[in-house]
Amino acid sequence: MSSTAGKLVTSRSELELDHPNIEDYLPSGSSINEPRGKLRLRDLLDISPTLTEAAGAIVDDSFTRCFKSNPPEPWNWNIYLFPLWCCGVVVRYCLLFPLRCITLAFGWFIFLSTFIPVHSLLKGQDRLRKKIERVLVEMICSFFVASWTGVVRYHGPRPSIRPKQVYVANHTSMIDFIVLEQMTAFAVIMQKHPGWVGLLQSTILESVGCIWFNRSEAKDREIVARKLRNHVQGTDNNPLLIFPEGTCVNNNYTVMFKKGAFELDCTVCPIAIKYNKIFVDAFWNSRKQSFTMHLLQLMTSWAVVCEVWYLEPQTIRPGETAIEFAERVRDMISHRAGLKKVPWDGYLKYSRPSSKHSERKQQSFAESILARLEEK
Amino acid sequence: MGNTSSMLTQYDIEEVQSHCQDLFEQQEILLSLYQRFCQLDRNFAMNPLSLRLLKMVDGLNFKDFVAFLSAFSAKASLKQKVKLIFQVYDSDCNGKVSFKDIIEVLRDLSGSFMSDEQREQVLSQVLNEAGYTNDSFLTLEDFIKVFGSCKPEMDVEIPVD
């Protein structure tokens with residue numbers, strides 16, 4: 001119990017550390033007083049953009065709603081439906097769950113009995129070893145998906161191994177990775193976790209070329225950026241998968257994408273993932289549940305049904321900043337998966353920014369007024 | 001819906017709707033606003049005018065809060081929106097906006113990036129060009145005349161959960 005409690009505490013601080021550097025996202029231009037030309041009384045009196053923003057902050061708190069999972073309405077509340085539900089529970093826990101555990105154990109057995117020999121014996125022949133390991137990782141992920149009775153529909157062209165491309169997807173739970181990995185062995189960038197997950201990370205995922213980072217280390221960002229760049233340049237590396245939201249969101253919304261994946265100077269291939277909530281809510285609220293509990297919850301539900309769309313690769317347009325590019329890709333993913341976009345300044349409402357944001361606005365307003373005063 | 005806002009009854013909602021002249025028609029919007037009304041964070045200073053706006057809604061009951069925000073509805077008329085802007089300037093609520101009132105709002109908007117002299121100079125210049133002097137008091141009609149026929153873009157969408 002204490003270990004899960006410890007995990008929950010770190011997760012909360014992880015979420016706080018997770019906030020992107022807001023200063024990077026402050027708009028460079030001023031939205032107030034956009035039209036140029038001679039200054040008139042109306043321009044000075046028209047405070048509507050600032051007022052609208054202030055009123056929006058009073059009225060809307062869209063950030064926290066991204067992390068709420070609304071519990072489904074209970075349907076077993078009367079005398080006819082309740083026994084049905086009880087039968088369902090019995091089937092799920094006593095029939096499906098053991099079957100799934102057996103399947104998973106079987107899968108692990110096959111995987112380990114092939115992976116360990118291949119990994120140690122074929123040390124010399126890298127290419128063959130990597131190929132076999134790729135296939136094995138895909139296989140174990142398929143077993144995982146089968147252990148939740150996962151029904152996944154993939155749309156669009158399958159990812160290929162090419163240099164100078166990176167894949168981005170929206171993030172709902174750690175299982176996103178497993179669902180995608182089942183089809184293609186991606187290399188992912190992840191936070192190093194403690195416990196059995198960490199063990200898996202350092203042994204198996206290392207072989208597909210995953211990159212680790214540590215949120216609490218400040219210098220880590222540069223190191224990771226360098227590793228990312230090296231990875232996408234290499235021709236034989238597995239395609240790189242990044243979750244630019246940086247945190248699990250409840251599959252109704254997308255939050256702001258961090259720009260790191262979009263300034264690697266390569267093609268970005270968006271992937272949209274949408275889970276069907278009728279069967280199970282796949283959102284992993286890392287503040288409320290440990291990963292083990294989350295997996296157990298999935299294994300005792302009826303099914304995990306989701307759709308995966310591989311969207312058209314995008315490149316940065318001339319004159320576009322990395323942030324605009326990220327927003328454009330977020331648009332595509334949200335539209336495809338039917339998710340609502342939380343405006344980027346949702347972060348500001350959540351984290352009570354320093355006065356810098358306000359000051360920047362004041363500065364751009366003052367500069368614009370003074371500049372227009374010069375124009376006679 | 002299973003959950004109801006425990007404080008609001010149907011009568012309350014209808015009363016609030018008529019008080020804001022039906023600019024917020026959907027009941028869900030009012031329920032959503034009520035939740036926000038109860039949790040309003042008084043210290044929030046995200047943009048230069050946040051505090052000023054918060055001070056204006058501070059003492060209000062829910063009915064007046066909704067009436068106040070109704071100017072931000074997409075259906076609100078030009079007159080209603082300009083009236084809200086007028087109320088923001090008219091901090092002492094005497095129906096007139098003086099040179100000093102406008103300077104104060106300008107000070108909020110520009111902070112330390114403009115000196116007091118610069119602000120006064122700018123305001124005097126545009127006031128004179130528009131036909132007013134530094135001593136004139138602007139009323140709501142003056143504001144409406146200044147804004148002309150171009151409706152200020154002041155729409156806020158209230159999210160409904």
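Note that these values count all heavy atoms, side chains included, but never hydrogens, waters or copies made by symmetry. Chain naming here is simple, since letters A, B, ... match the order of the sequence lines and numbering starts at 1 in each.
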Contact part of [X] toward chain A, heavy-atom cut-off under 4.5 Å: side chain, backbone, both or neither?
X	answer
B/V88	side chain
B/F68	neither
B/F147	both
B/F86	neither

Between [atom1] of [X] and [atom2] of [Y], what distance do you get to the nearest 0.5 Å?
X	Y	atom1	atom2	answer
B/Q125	A/L41	CD	CG	11.5 Å
A/L44	B/L127	CG	CG	8.0 Å
B/F113	A/S368	CZ	OG	14.0 Å
B/L138	A/L45	CG	CG	7.0 Å
A/D46	B/K81	CG	NZ	11.5 Å
B/D108	A/T50	CG	OG1	10.5 Å

Checking the side chain of A/R42 only, and the main-chain atoms of B/V146 only, is there a donor and an acceptor separated by less than 3.5 Å?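 Checked: no pair found.
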Is it true that a side-chain atom of B/E153 and a backbone atom of A/P49 form a donor plus acceptor pair closer than 3.5 Å?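 Flag not set: sc B/E153 to bb A/P49 has no pair under 3.5 Å.
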Using a 6.0 Å cut-off, check whether atom [atom1] of [X] has over 12 heavy atoms from anything other than its own residue.
X	atom1	answer
B/K55	NZ	no
B/K151	NZ	yes
B/H19	NE2	yes

Salt bridge (Lys or Arg N to Asp or Glu O under 4.0 Å): pairs with one or both residues in residues 125-142 of chain B, sequence neighbours excluded: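 Residue pairs passing salt bridge (Lys or Arg N to Asp or Glu O under 4.0 Å), neighbours aside: A/K38-B/E129.
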Would you name the heavy atoms of A/S48 and B/P152 that are closest together and state the gap between them?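 Minimum heavy-atom contact is OG-CB, 3.7 Å.
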Of all heavy-atom pairs between B/M154 and A/L51, which one has the smallest distance, and what is that distance?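 Scanning both residues completely, I find the closest heavy atoms to be SD-CD1, 4.4 Å.
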Evaluate the criterion side-chain contact (heavy atoms from CB on, under 4.5 Å) for residue pair B/M114 and A/L370; output intermediate values, then yes/no. CA-CA 9 Å; B/M114 271 171 93; A/L370 290 174; 4.0 Å; yes
